[in-house]
Structures are given as structure tokens and as C-alpha cells.
2 protein chains.
Amino acid sequence: MAEPSGTARDPEAVSRFVEHFAAQMVEAGMSRMPARVFGALLASDAGVMTSAELGEQLKVSPAAVSGAVRYLSQVHMVSREREPGSRRERYRVHGDQWYEALTNREAVLKRWEDALREGVTSLGADTPAGRRLAETLAFFEFVEKEIETMMERWRVHREERFGRE
Amino acid sequence: MAEPSGTARDPEAVSRFVEHFAAQMVEAGMSRMPARVFGALLASDAGVMTSAELGEQLKVSPAAVSGAVRYLSQVHMVSREREPGSRRERYRVHGDQWYEALTNREAVLKRWEDALREGVTSLGADTPAGRRLAETLAFFEFVEKEIETMMERWRVHREERFGRE
DNA sequence: CCTTAACTTCACAAATTTCTGAAAGAAGCG
DNA sequence: CGCTTCTTTCAGAAATTTGTGAAGTTAAGG
């Protein structure tokens, strides 16, 4: 059973989740600090935290928070807002926005594809290596298209299950 | 136009591709040496190379090759074979095997899901944070299923385009 | 405008990761 | 069985990455 609203959550339970979740993201290639910041936001009830709150909860310096959120907004995993009537900055995870960003590795895919295309050309499309690269390239192009339609299906699925937010 | 078969390929063109491709893999989270070794294999005509060949081409020590191929076989991106009648080990990329492995991040997905499930429980399924985590979890579960069907579609697509190998 | 709160940038220290050389460990071959 | 060839392991050096403190920048509010 959940706490009555207004009661502070168990900070230790939050921290355990944040660190555990962040560890998975790190393993998947993300740097530690952005992963932790993201985890903290994801586990916050409001889905919004200030720099100070993030720094305090994660026990890190303002500089570390600054670097992490800069990265996270660049990859569109959080958005930053100015708190009206204050110099405080706030960072938010939108319920859906962030995993849309996760699949928006399109830029990444594109660069893989560029590298492969260049390889096919420079090694020769009619060499065994060139053919292998071409097939790999075709795979990435396929995946790119598939991800798009998958996200469309997800949006439908999500609406059914969670309703619009 | 391609070289007549039997002619050595331009080592510089190969190297350019390998390093460029490896750089993308690194950016996507893979360590440098495994990425380079994988690139070298991918760009080889035979799709097979010995430790010595890898070390020589990449200008690295046997120890570095050893570590890289250990990692690559663990994640099923290459397979190792014993060259018959020799102590030489050979490493191979199968045309298709490796990107099957790439999408076989299922283990990774599973761990993300575990972390999220634990978070939903410990933060409370009826809290705002718990609901956010639950939706994220649902997304991952959805993706996991989708990847499976996507790979089935790819195999069909591939057969049409490249024929069986 | 000046003060002050908040965020950012930067140089550096600490921690981590990566690669090497050397030594030890397997496995074919005589 | 020992010799030889190849691979792996391991300790440590080198390089890279990460996070901090301190100074610098911006903008709200008197």
C-alpha cells in the first residue's frame, strides 16, 4: 500500500532504484552522471527537479549536474524550463518524450550507414567484403524504417493501455 | 572497378573503413579494441582472420587481440574456430549471425525491465513515479516483442534481396 | 544600476580504463 | 615426452574520462 500523499517517500528506496537503473544505462553505453540524473528524474513524483534538488539527492556538485543535464537535453531525454519568477532552472522528463528520444538514435544509425556506404565503395561492391558491408547496410536501413512503424504501433498500444496523458 | 582477384587490397582503404566504422561503434557504447577487431573482420574478404593477422593489421599486441575477441565471442558477434592442424585460432563473422547478436540485446532489455519492475514495486504502483516507471516498463516489453517480429521480417526481406547464403 | 542567487565554464586531481610486455599455459608435432 | 608455436593472463604504465572547486557569467529583484 502506498504512503498517503504528502508523505515523504523513502529516500533509500528511491536511491536504490536510481543507482540500479543508472547502472543498466551505463552498461548500455551512457555516461554515469547523465544516467543517474535521468534516473532521479524518472523516479521523481513530479517528473521535474531543479538543479539543486538533483545535486542534493545525488550528492554531486552543481558542475556535475550542469554537465549531465546539458547532455540529456542535447539528446532530448529531458527538457529544461525556466521556473517563472526565479533564476532556478527545472528539468523535466515527459512521460513519453524520453523514450521517443531513445529510439531516435536515427542520427546514430545514419552515421553507421554512411560509414558502411563508404566502405562498400572503397572496398568494391563486387568484392566479398563489399557484399558483406552492403548487406549490413541493408540491414540498418531496414531497421531504421522498422523503428518508425514500431513507434507508431507503440503510440496506439499506449493509448489503449494508458490513455492519453 | 575492382582489383583482379588475388591482388592485395589497398590496406589504407581498409584501414580507413575500419577506423571510421569502429568510431561509430565506440560512440554507440562499444570499447575501442573490440570495435576495431570487429571492423577488421567485417572488412576482410574471407570473413575470417587469425589473431596474428588481426594484430598485424591493427598494430596491436596479441594480448589486445585476445581480450577483444574474448569479448566479441561472449556477445556472439564473432565465432572462434580452431584452424585444423595448427595452434592458430581463427575468428569469423558470419554474414548474418552478427547483427542477429546486435539485436539480441535481449539480455540487456531484460535487466532494464527488472530494474524498472523493482522500481514500480518499491516506489508504489499507485504513485505518479510508479506509474511513470510502469509505462516505461511497458514500452520496453513492447519493444522486446517487436524486435522479434522485426527480425523475422528481416530474414524474409534478406532472402528476397540477397538469396540464402 | 547594484546585489545576489543561480548556473556554467575551466583547470586540475582522482579514478578508471586500456593496452603492453613478460611470463605462464595449452596443444600440435617430432 | 620434450620442443615449439600460439594464446592467455597479469601487473603495471599510459591515456582517457570523470567530477570538483573556484572563478566567471547571467539575470532577477530591490
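Atom set for the values below is all heavy atoms of this structure, side chains included, hydrogens, waters and symmetry mates excluded. Letters go in sequence order (proteins before strands), and every chain restarts at 1.
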Item to check | Outermost nucleotides of DNA chain C that come under 4.0 Å of a non-hydrogen atom of chain B | outcome: dT18(C) to dC29(C)
Item to check | Test item: Arg132(B) and Ser44(A) side chains (from C-beta on) under 4.5 Å apart, heavy atoms | outcome: yes
Item to check | Under 3.5 Å: donor-acceptor pair, side chain of Arg92(B), backbone of Val78(B) | outcome: no
Next on the checklist: In the structure I gave you, are the side-chain heavy atoms of Met151(B) and Arg155(B) within less than 4.5 Å of one another anywhere?
Outcome noted: yes
Next on the checklist: How close do Ala134(A) and Phe162(B) get, counting heavy atoms only, and between which atoms?
Outcome noted: O-CZ, 4.3 Å
Item to check | Nucleic acid contacts - residues 70-79 of chain A versus DNA chain C, non-hydrogen atoms under 4.0 Å | outcome: Arg70(A)
Checklist entry - Got a sec, which pairs hit salt bridge (charged side-chain N to carboxylate O under 4.0 Å, His left out) with one end in residues 47-72 of chain B, sequence neighbours left out? => result none
Checklist entry - Applying ring-ring contact (aromatic ring centres under 6.0 Å, His included), which residue pairs with at least one partner in residues 44-84 of chain B are found, sequence neighbours left out? => result none
Checklist outcome for this item: At a 4.0 Å cut-off to heavy atoms of chain B, the contacted part of DNA chain D spans dT5(D) to dT9(D)
Checklist entry - Got a sec, which residues hit ring pair (Phe, Tyr, Trp, His ring centres under 6.0 Å) with Phe140(B), two or more places apart in sequence or on another chain? => result Trp112(B)
Next on the checklist: Can you list everything that forms a side chain to side chain donor-acceptor pair (under 3.5 Å) with Glu19(B)? Sequence neighbours excluded, please.
Outcome noted: Arg36(B)
Checklist outcome for this item: Residue set satisfying side chain to side chain contact (heavy atoms under 4.5 Å, CB included) with Asp114(B), at least two apart, ordered chain then number -> Arg117(B)
Checklist outcome for this item: Here the residues of residues 59-66 of chain A within 4.0 Å heavy-atom distance, strictly under, of DNA chain C are Pro62(A), Ala63(A), Ser66(A)
Checklist entry - For residues 27-44 of chain B, which residues have at least one heavy atom under 4.0 Å from DNA chain C? => result Ser31(B), Met33(B)
Checklist entry - Between the main-chain N or O of Gly130(A) and the side-chain N or O of Thr127(A), is there a donor-acceptor pair closer than 3.5 Å? => result yes
Next on the checklist: For Arg87(A), is there any backbone N or O sitting under 3.5 Å from a side-chain donor or acceptor partner on Arg82(A)?
Outcome noted: yes
Next on the checklist: Ring-plane angle category for Phe142(B) and His157(A), please: parallel below 30°, perpendicular beyond 60°, tilted otherwise.
Outcome noted: tilted
Next on the checklist: Going by ring pair (Phe, Tyr, Trp, His ring centres under 6.0 Å), name the residues that satisfy it together with Phe38(B), two or more places apart in sequence or in a different chain.
Outcome noted: Trp98(B)
Checklist entry - If you look at every strand shown and take non-hydrogen atoms under 4.0 Å, does Arg90(A) touch a base, only sugar-phosphate, or nothing? => result nothing
Item to check | CZ/Arg32(A): more than 12 non-hydrogen atoms of other groups inside 6.0 Å | outcome: no
Next on the checklist: Checking Glu146(B) now: which residues fulfil side chain to side chain donor-acceptor pair (under 3.5 Å) with it, not counting sequence neighbours?
Outcome noted: Arg153(A)
Checklist entry - Looking across every strand, which nucleic acid part, if any, lies under 4.0 Å from Gly67(B) by heavy atom: base, sugar-phosphate, or nothing? => result nothing
